[in-house]
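Shown next, in structure tokens, is the structure this report addresses.
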Protein chains: 4
Amino acid sequence: MSLPVAFHDIAKRVNNWGRWGPDDEIGTLNLITEEVVREAAATVRTGRRVPLALDLKQDGVQTGMIPGRVNPLHVMVQINQELFGPGTVATSDDAVTMGLQAGTHWDALTHVSHSGRIYNGRPAATVTPHGRSEFSGIHTARHVVSRGVLLDVAAAKGVDRLPGGHAVTPEDLDEAAEFGGVAVRAGDVVLVRTGQIQAYLAGDRHGYAFPSPGLSVRTPEWFHARDVAAVANDTLTFEIFPPEIENLWLPVHALDLVEMGMLQGQNWNLEELSTACAQERRYAFLLSAMPEPFVGGTGTPVAPVAVL
Amino acid sequence: MSLPVAFHDIAKRVNNWGRWGPDDEIGTLNLITEEVVREAAATVRTGRRVPLALDLKQDGVQTGMIPGRVNPLHVMVQINQELFGPGTVATSDDAVTMGLQAGTHWDALTHVSHSGRIYNGRPAATVTPHGRSEFSGIHTARHVVSRGVLLDVAAAKGVDRLPGGHAVTPEDLDEAAEFGGVAVRAGDVVLVRTGQIQAYLAGDRHGYAFPSPGLSVRTPEWFHARDVAAVANDTLTFEIFPPEIENLWLPVHALDLVEMGMLQGQNWNLEELSTACAQERRYAFLLSAMPEPFVGGTGTPVAPVAVL
Amino acid sequence: MSLPVAFHDIAKRVNNWGRWGPDDEIGTLNLITEEVVREAAATVRTGRRVPLALDLKQDGVQTGMIPGRVNPLHVMVQINQELFGPGTVATSDDAVTMGLQAGTHWDALTHVSHSGRIYNGRPAATVTPHGRSEFSGIHTARHVVSRGVLLDVAAAKGVDRLPGGHAVTPEDLDEAAEFGGVAVRAGDVVLVRTGQIQAYLAGDRHGYAFPSPGLSVRTPEWFHARDVAAVANDTLTFEIFPPEIENLWLPVHALDLVEMGMLQGQNWNLEELSTACAQERRYAFLLSAMPEPFVGGTGTPVAPVAVL
Amino acid sequence: MSLPVAFHDIAKRVNNWGRWGPDDEIGTLNLITEEVVREAAATVRTGRRVPLALDLKQDGVQTGMIPGRVNPLHVMVQINQELFGPGTVATSDDAVTMGLQAGTHWDALTHVSHSGRIYNGRPAATVTPHGRSEFSGIHTARHVVSRGVLLDVAAAKGVDRLPGGHAVTPEDLDEAAEFGGVAVRAGDVVLVRTGQIQAYLAGDRHGYAFPSPGLSVRTPEWFHARDVAAVANDTLTFEIFPPEIENLWLPVHALDLVEMGMLQGQNWNLEELSTACAQERRYAFLLSAMPEPFVGGTGTPVAPVAVL
């Protein structure tokens with residue numbers, strides 16, 4: 001079995017291999033120029049900060065459906081321990097075991113491969129258990145600060161939450177951009193809101209995971225045409241799940257990460273941001289969303305903040 | 001044995017308990033007002049981004065000196081796994097076990113207690129193994145974006161790196177502020193550079209840990225007088241270690257975290273920032289340094305970025 | 001709220017505090033004398049070895065019902081790595097994160113406390129996050145080799161598996177001993193088979209956990225009268241769950257571990273042993289079931305083997 | 001570079017591939033027949049039990065020399081938690097992260113490969129990050145109970161501890177067998193004592209690791225000639241380290257595990273056993289040393305007990 005012709009047609013159109021040279025490891029993050037950052041800072045008007053990360057805790061979003069992607073096991077290793085003797089200053093320390101993609105996270109470009117290749121045409125076999133990914137590890141993407149744009153697809157359609165079977169199309173993205181009065185530009189980090197995370201916030205982890213609305217296989221061309229730097233949304237699977245085309249699993253991952261070299265984010269909580277943007281009638285803002293620099297990591301927890 | 005009178009005298013002068021009400025959990029982070037954030041964004045001129053986190057890897061800064069504070073054990077749980085059958089898109093996933101204070105990190109206000117109390121006068125016993133810290137867990141501090149100020153003490157003194165026995169005094173901080181042509185203001189996040197991290201970067205983990213230059217017990221009053229929101233530096237211990245006053249261990253931790261309720265950061269790599277500030281002749285910038293929201297965490301890895 | 005009078009009455013009758021001196025940490029394991037071990041070895045006739053541990057794997061018996069008790073996350077840290085250069089001998093290494101009570105395990109005497117006390121009257125507060133349990137940690141119980149006796153309650157009743165609501169009573173134990181033609185003696189490790197583990201082996205983790213047959217609150221007196229050294233069975237909860245007496249949770253744990261100081265084991269797979277004992281018409285054997293010596297551990301994985 | 005001719009010559013002589021059929025996964029453990037087990041049980045005379053495992057704790061034998069092989073990080077996840085409300089029975093639970101070969105352990109046959117092969121001629125590539133080892137995982141070796149024989153090389157030579165540079169030769173093994181008055185037989189588990197672990201027990205972890213006495217590359221033929229089932233000793237590296245033949249790293253591992261399919265154990269504490277055997281003037285005993293059944297594991301902690 002192999003990937004269908006339709007997939008390869010899109011792949012050709014969005015492919016960025018070699019665009020920033022044969023040695024490039026960060027793909028569309030190259031589009032966040034210093035000019036983009038200056039303009040991002042200039043969007044700040046009220047100074048209101050909106051955090052976008054879910055709490056990290058043992059009853060997080062993972063249900064066991066994805067093997068090895070474990071919710072945080074957060075434990076204390078010291079509790080008010082008087083390390084230097086009785087009556088001295090006491091310290092508390094903690095540790096965690098977790099999947100790097102367990103909560104609100106970025107996928108590294110190495111998170112998926114297809115046909116034996118990762119971004120920039122490198123062999124998939126460069127992802128190894130030692131030294132982890134030789135190229136494009138998440139530590140290479142460490143300073144993600146740019147202009148953020150919220151495309152509030154659910155609000156644009158006048159609903160709280162898109163239904164499970166809804167594939168977010170280019171037309172939906174256009175509609176949301178128009179609703180927000182915002183034009184997506186080169187270097188932007190685009191946040192696509194479906195409202196799906198409400199299921200998790202209401203305690204329904206399984207309903208959150210599946211079935212899920214998400215990005216259509218037609219969206220990578222839309223992002224590519226606008227030279228978007230990264231895309232995140234408020235679902236577990238990022239793309240519509242189960243998939244639009246039978247037996248074509250994770251095509252959006254393959255197009256975004258492998259072909260375009262574009263960072264993807266999942267499990268972002270965009271609920272408060274939706275309210276804030278509606279109140280301020282602005283859908284562009286300064287976004288800080290720096291990966292934790294795990295050397296060779298294929299993903300990372302992230303605690304993004306939008307500044308309006 | 002108990003803490004000396006001199007300690008308690010300073011403690012009284014810098015104490016912030018009740019200042020933001022009896023229910024407050026975040027202390028001096030309250031000083032980062034929307035106005036402060038607006039002014040922080042307005043400092044951006046070139047759009048240059050400088051990351052301040054060390055790589056997360058197994059041969060990180062920890063040497064085993066601090067029990068339970070383990071360097072990241074970063075492992076692959078899936079490598080190019082074709083989850084949906086041969087020829088399908090393949091995924092790679094990873095997981096980590098690490099001390100939350102193992103690398104570049106923030107201490108939560110709960111990281112230390114003294115005389116049975118944590119910040120705002122709450123009992124130290126509210127730090128527990130279940131649900132972790134009931135109050136002031138690191139997840140309560142989640143949107144740290146403010147104005148950052150680099151006080152480059154080493155550069156102000158014309159040295160690459162302060163000697164191991166050097167206690168950074170209020171006079172040193174004044175000298176560095178004057179050197180940088182910057183006035184520390186309410187809500188600022190102050191970064192104090194000693195150059196000590198060069199030892200770690202050169203491969204000498206033990207020499208990095210000990211002996212270390214660091215903040216003097218006299219600095220909390222300096223920060224308190226200026227209503228600083230948070231302070232980070234480029235050492236393992238934050239304060240001078242071994243301590244200035246015999247048998248008075250971790251007094252700066254106790255004053256900053258417990259009495260003032262002020263966030264502390266350690267193991268920040270300020271080398272590139274030192275160069276950038278010198279080149280741009282500016283020592284104030286936009287700083288993003290958001291904690292990962294571990295519920296009840298007493299610390300967190302952080303991947304700070306300065307935007308100049 | 002406090003524990004009912006009925007509980008305290010039984011507690012008095014089975015209490016072993018002080019029986020082996022004020023400094024004792026291992027309780028009824030003292031009953032495994034060298035004579036008992038010699039007799040255990042003498043039970044071996046065919047040399048057939050029957051392993052009693054469940055596989056350790058990520059889809060193990062834990063469902064998330066018990067906070068922090070995580071199934072094994074077993075990961076590779078090296079795969080065929082030629083550590084000394086190309087063409088040299090290659091090594092593979094792995095690591096695990098797991099709850100010590102996640103799979104087939106022993107509870108240490110410190111696993112539960114009631115009324116502020118653990119075994120031998122020590123304060124419950126001696127179980128701490130540093131150095132873990134000061135007394136009776138699982139490492140103190142390291143050489144559990146004795147005579148094992150299978151009480152096959154299900155087989156004695158002519159059923160494959162006891163129903164979820166069945167409390168195993170002293171009468172049931174007598175019936176199973178008679179069925180097996182075996183007399184329980186001082187120092188024996190008694191294995192009580194309900195057949196409940198068949199649910200887990202058939203893939204039904206939730207049905208395995210709850211509702212579960214298990215030991216009645218009346219059984220500690222039966223074990224105490226016979227000076228049994230330890231008891232294990234093939235359920236998640238050991239005792240009947242939900243409990244026999246409304247709102248009296250885990251009374252058998254409290255009586256066995258705290259009052260008697262008797263080791264308990266759970267999630268033991270007794271299916272093959274049931275067959276083997278029936279075939280050989282013998283229900284006593286040599287049992288090796290050594291705890292892994294985690295210093296201060298409140299439990300341990302164990303890989304028991306019966307030798308017939 | 002490739003392995004030298006001398007290595008391949010020995011390899012041919014000790015090779016067991018196909019000896020127990022093409023599907024065999026456990027190698028020389030096949031030699032522990034029921035008759036061997038019966039005879040092992042019959043060696044028990046006094047019933048004295050001697051545990052052979054080191055304590056599992058954070059300051060264990062690992063120094064960081066072997067990447068990813070981390071000492072146990074043992075943490076509490078519940079401490080005297082009244083799960084069912086105030087005044088109810090309270091429970092304590094713990095968890096661990098550790099390298100499977102971190103302490104007293106068995107290597108699985110898959111722990112090393114050479115020339116692209118593991119035991120029985122299977123491709124080394126069958127050791128993967130998912131499902132781990134497809135063949136010969138440590139869970140296939142679960143019921144290691146047999147006759148144990150102590151070859152106390154140090155005592156036979158009249159020293160407390162062999163020097164770091166000492167390669168234990170076949171002649172040394174003969175000498176120790178004669179010293180102990182014991183003949184090694186088919187199915188035996190042989191324990192070779194060097195005394196090296198005294199360095200670790202005295203607090204010198206680095207001196208324990210390196211330089212180390214250990215088995216010579218000439219010993220696999222000795223074990224093969226006697227059809228030994230498994231071998232363990234009291235060193236970190238098992239074989240002499242640094243190696244006898246320049247640039248021939250881990251040849252004994254490759255011969256024992258890959259060619260013969262014979263289980264190896266390291267970091268066994270044989271000090272008390274040395275004393276006990278000397279006192280009882282017997283060097284053969286019943287040995288229980290069951291692996292924890294990690295599915296596909298390349299090693300396992302083990303808590304062996306000798307019964308004399």
Against chain B, label A/V145 side chain, backbone, both or neither, depending on which of its atoms sit under 4.5 Å from a heavy atom there.
both

If I compare all heavy atoms of B/T140 with all of B/I26, which pair ends up nearest, and what's the gap?
O-CG2, 3.2 Å

So for A/I79, is it side chain, backbone, both, or neither that comes closer than 4.5 Å to the heavy atoms of chain B?
side chain

Portion of A/V302 that has a non-hydrogen atom of chain B nearer than 4.5 angstrom
backbone

A/P67 versus chain B, the contacting section by heavy-atom distance below 4.5 Å
both

Contacting moiety of A/A108, where chain B heavy atoms sit under 4.5 Å
neither

Report the option among B/L56, B/I118, B/L52, B/T43 that has the most heavy-atom pairs separated by less than 4.5 Å from atoms of chain A.
B/L56

At a heavy-atom separation under 4.5 Å, does A/L250 approach chain B through its side chain, its backbone, both, or neither?
both

Greatest number of heavy atom pairs closer than 4.5 Å to chain B - which of A/E35, A/R69, A/K57:
A/R69

Name the region of A/L54, side chain, backbone, both or neither, that has any atom closer than 4.5 Å to a heavy atom of chain B.
backbone

For chain A, which candidate among B/D93, B/V144, B/V305, B/L257 shows the most heavy-atom pairs at distances under 4.5 Å?
B/D93

Evaluate the ring planes of B/F84 and A/F241, with Trp represented by its six-membered ring, and classify them as parallel (under 30°), tilted (30 to 60°) or perpendicular (over 60°).
tilted

Between B/P304, B/P301, B/A254, the one whose heavy-atom pairs under 4.5 Å with chain A are most numerous:
B/P301

Segment of A/V44 engaging chain B (4.5 angstrom heavy-atom cut-off):
side chain

Let me know if A/H111 has heavy atoms under 4.5 Å from chain B in its side chain, its backbone, both or neither.
both

Under 4.5 Å to a heavy atom of chain B? For A/T46 that would be both

Between B/H114, B/H139, B/R48, who has the most heavy-atom pairs with chain A when the cutoff is under 4.5 Å?
B/R48

Interface moiety of A/A289 toward chain B, non-hydrogen atoms closer than 4.5 Å:
backbone

May I ask you to check whether B/T298 and B/Q101 show a side-chain donor-acceptor distance below 3.5 Å?
yes

